[in-house]
Amino acid sequence: MSRPSNKAAQAIPPHTLTRLAREWLAEDTPNFDLAGVSVGSQEVEAWLLCKTPHSVLAGSPFFTAVFTEVGCSVDWIHEEGAEIGQDSGTLTAVVRGPARCLLLGERPALNCLARASGIATRSSLLRATATVRGWHGDVAGTRKTTPGFRLVEKYAMLVGGVSMHRQDLSGMVMLKDNHVWASGSITQAVKAARSVSGFSSKIEVECRCEEEGREAAGAGADIVMLDNFQPRELHVAACALKKEFPTLLIEASGGVTPENLATYLSLHVDIISLGCITQGCPVVDFSLKVQRPVVHPRLQE
């Protein structure tokens, strides 16, 4: 048997795993677990099965943290980041512990694993689309995440091989259209942001045309986001801006999907961000089945 070893897991503080696991368990069982009376506390074993073909496993640290909180153990068959689901019920992990405790952790743990693995699977496919075409840049997610679940979803992006983009509003200055309109101009917005952000924060400006990109770069923006450009327009604008501002980073966003990502790839585009990495992303179908006292052949190796 192997255990999760993806490097991204090392970035999660242990106290954060504990806090999240406790929050999810408290949400699902705020007081009595009346059904637990029917199963008691005898030791049982349950198999985690993946039923979605060609899925990327992600979320195992959170899954394990939930079961650790209720006094159960988890043995993983596959590593974090592995492609699983080659058959209709791929054995992925084995959970052991008191029956009522195992069932307490079942739904919160499965919800987390299903969502994280779905995001990692989509991220992996997007990264592969870019890599096979020799593109040098970063495929990235966005802040369009589920409230209260951002850390899990951002982590899943890392497992799937794409960039998380900024974590939150404090992570990087991004001046969007509303910031510009409220401040009066791109130049004014960049100047005001730079006065408080200091040397350690990059400034990105959302731009609707090449001229806005030029103003943003001239005002000192580090990154220009060319928003809602058609691929052909994007390539022309990115090329022109790079010639004038060689160190400027160019991000493309808006209207990019798994189906049309390849048309946005360009030598002059450094980042392509997609909201669909998290929004509308399919989940991976997992189930946890309590077993009669038999040992699966894989566990005898």
Side-chain angles (χ1 to χ4, degrees), residues 1-30 33 36 44-50 55-82 84 91-124 141 143-168 170-171 277-278 281 283-288:
M1 284 188 298
S2 57
R3 295 180 182 275
S5 62
N6 191 281
K7 291 181 180 179
Q10 305 303 313
I12 310 171
H15 67 270
T16 299
L17 288 171
T18 300
R19 174 180 59 80
L20 290 172
R22 289 176 177 174
E23 288 175 357
W24 296 330
L25 288 163
E27 177 187 56
D28 204 40
T29 314
D33 172 32
V44 295
E45 175 178 295
W47 295 353
L48 175 67
L49 304 174
C50 176
S55 300
V56 174
L57 177 63
S60 59
F62 305 100
F63 186 95
T64 298
V66 168
F67 281 111
T68 298
E69 272 305 301
V70 293
C72 297
S73 64
V74 182
D75 288 314
W76 290 93
I77 308 300
H78 295 281
E79 292 186 353
E80 185 84 329
I84 58 176
L91 180 63
T92 306
V94 176
V95 184
R96 298 181 181 89
R100 68 181 184 87
C101 297
L102 190 149
L103 296 178
L104 276 174
E106 176 185 15
R107 181 43 53 197
L110 286 176
N111 285 350
C112 186
L113 198 68
R115 178 72 172 147
S117 295
I119 291 170
T121 300
R122 173 162 285 185
S123 297
S124 178
R143 276 173 52 241
K144 296 175 181 177
T145 54
T146 307
F149 210 59
R150 179 173 292 174
L151 187 144
V152 177
E153 294 178 350
K154 291 284 191 177
Y155 165 81
M157 295 177 198
L158 287 180
V159 175
V162 304
S163 169
M164 296 185 291
H165 213 298
R166 60 175 176 163
Q167 297 290 314
D168 46 48
S170 302
I277 288 178
T278 47
C281 181
V283 299
V284 172
D285 187 8
F286 288 97
S287 64
L288 191 64

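Small disclaimer: the values here were computed from a predicted structure and weren't measured.
Expressed to the nearest 0.5 Å, how far CD1 of I277 lies from OG of S163 amounts to 9.0 Å. For the atom pair K154 NZ and Q167 CD, the distance stands at 6.0 Å (nearest 0.5 Å). For the atom pair CG of D28 and CD of E106, the computed distance is 10.0 Å after rounding to the nearest 0.5 Å.
Between E80 and P61, some side-chain heavy-atom pair lies under the 4.5 Å cut-off. Two residues are said to be in side-chain contact when any heavy atoms from C-beta on lie closer than 4.5 Å; L17 and F62 meet this criterion. Counting heavy atoms from C-beta on, the side chains of Y155 and I119 never come closer than 4.5 Å. Within the 4.5 Å cutoff, the side chain of L102 has heavy atoms near those of the F67 side chain. Annotation: side chain of R115 is not in contact with side chain of V152 (no heavy-atom distance under 4.5 Å). You'll find the side chain of F149 stays beyond 4.5 Å of the side chain of T278, heavy atoms only. Counting heavy atoms from C-beta on, the side chains of R150 and R143 come closer than 4.5 Å. Between V74 and L48, every side-chain heavy-atom pair lies at or beyond the 4.5 Å cut-off.
The minimum heavy-atom distance linking G59 with L113 is given by the pair C-CD1, 3.6 Å. Smallest separation of non-hydrogen atoms from V284 and G118: CG2-N, 3.6 Å. Taking each heavy atom of T92 and L49 in turn, the nearest pair found is OG1-C, 4.4 Å. The heavy-atom pair separating G81 from V56 by the smallest distance is O-CG1, 3.8 Å. A pairwise comparison of heavy atoms in L91 and W47 identifies CD1-CB, 3.6 Å as the closest pair. Closest approach of M164 to M157, counting heavy atoms only: CA-SD, 3.9 Å.
For N111 and R107, the side-chain atoms include at least one donor-acceptor pair closer than 3.5 Å.
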**Message:** Pair R96, D75 - check side-chain contact (heavy atoms from CB on, under 4.5 Å), show working.
**Reply:** CA-CA 8 Å; R96 298 181 181 89; D75 288 314; 2.7 Å; yes
**Item:** From CA spacing to verdict: side-chain contact (heavy atoms from CB on, under 4.5 Å), E27, E23
**Value:** CA-CA 6 Å; E27 177 187 56; E23 288 175 357; over 6 Å; no
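Between the T68 side chain and the T64 main chain, a donor and an acceptor come within less than 3.5 Å of each other. Distance alone, capped at 3.5 Å, is enough to place a donor-acceptor pair between the E153 side chain and the T146 backbone. Counting only distance, with no hydrogens or angles, the side chain of S117 and the backbone of L57 share no donor-acceptor pair below 3.5 Å.
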